[in-house]
Amino acid sequence: QLQASGGGLVQAGGSLRLSCAASGLTFARYHMGWFRQAPGKERELIVAVRWFVCATYYADSVKGRFTIARDAAKDTVYLQMNSLKPEDTAVYYCAADTSISNILNSTDIDYWGKGTQVTVSS
């Protein structure tokens, strides 16, 4: 089970930190991803991380502004979002899978968290 939280309303240029707490799964075994879906658009992968090899993928749209981190002791993954823009407005989802390919291709993902709404006003 994954539980995403931390969304809200923020002005452009502001920051938010999203959290994704895992329960009932061996957190260290899973690759993680953050996705978002804006109104009228398809869900897109914005960040993926392979913990075992410390490899991280960031979509161009968020590169340099968003950072993923984790607290293994709390089985929690964070998405620090800085310099937010109105186009970042979306519902954000975290996901976990033992296959990084599933995360990168957004297919057959083992676990999805419920979305958390992020709204960036101009």
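Starting from 1, each residue takes its place in the sequence as its number. Below, all heavy atoms of this structure are taken into account, side chains as well, without hydrogens, waters or symmetry copies.
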Sub-4.5 Å side-chain heavy-atom contact between L18 and V118: yes
Determine the minimum heavy-atom distance between I109 and A95, stating which atoms define it. CG2-CB, 3.7 Å
In Å and rounded to the nearest 0.5 Å, what is the CG to CG distance from D108 to N102? 5.5 Å
Given 3.5 Å as the limit, does a donor-acceptor pair link the side chain of Y58 with the main chain of I68, or not? yes
Report the distance from atom OG of S5 to atom NZ of K114, rounding to the nearest 0.5 Å. 13.0 Å
Compare all side-chain heavy atoms of E87 with those of V120 and state whether any distance is below 4.5 angstrom. no
Less than 4.5 Å apart, side chain to side chain, heavy atoms only: is that true for C20 and M32? yes
With a 4.5 Å cut-off on side-chain heavy atoms, are R36 and S61 touching? yes
Flag the pair L84 / Q11 as yes when at least one side-chain heavy-atom distance between them is below 4.5 Å, and no otherwise. no
Report whether I100 and Y30 are members of the same hydrophobic cluster (ILVMFWY, side-chain heavy atoms less than 4.5 Å apart, transitive linking). no
Considering all heavy atoms, the nearest A12-S122 contact: CB-CA, 4.4 Å
Side-chain contact test, heavy atoms from C-beta onward, threshold under 4.5 Å: evaluate it for H31 versus D97 and give yes or no. no
Pair listing, ring pair (Phe, Tyr, Trp, His ring centres under 6.0 Å) test, anchored in residues 66-105, at least two apart: none
Under 4.5 Å between any side-chain heavy atoms of L25 and Y111, yes or no? yes
Does a donor on one side chain and an acceptor on the other come within less than 3.5 Å for N82 and S15? yes
Taking T76 for its side chain and A21 for its backbone only, find out whether a donor-acceptor pair lies under 3.5 Å. no
Rounded to the nearest 0.5 angstrom, the CD-OG1 distance for Q80 and T67 is 7.0 Å
Is the number of heavy atoms from other residues, nucleotides or ligands under 6.0 Å of Q117 CD greater than 12? yes
Hey, are K85 and D88 close enough for a salt bridge, meaning a charged N less than 4.0 Å from a carboxylate O? no
Check V77, L45, I103 against W34 for a side chain to side chain contact (heavy atoms under 4.5 Å, CB included) and give me the one that passes. V77
Residues D75 and R70 bridged, charged N to O under 4.0 Å: no
When clusters are formed by joining ILVMFWY residues with side-chain heavy atoms under 4.5 Å apart, either directly or through shared neighbours, do V91 and L79 land in the same one? no
Indicate if L2 and L104 have the same hydrophobic cluster label, given that clusters are the connected sets of ILVMFWY residues with side-chain heavy-atom separations under 4.5 angstrom. no
So, the side chain of R50 versus the backbone of A55: is there a donor-acceptor pair under 3.5 Å, distance only? no
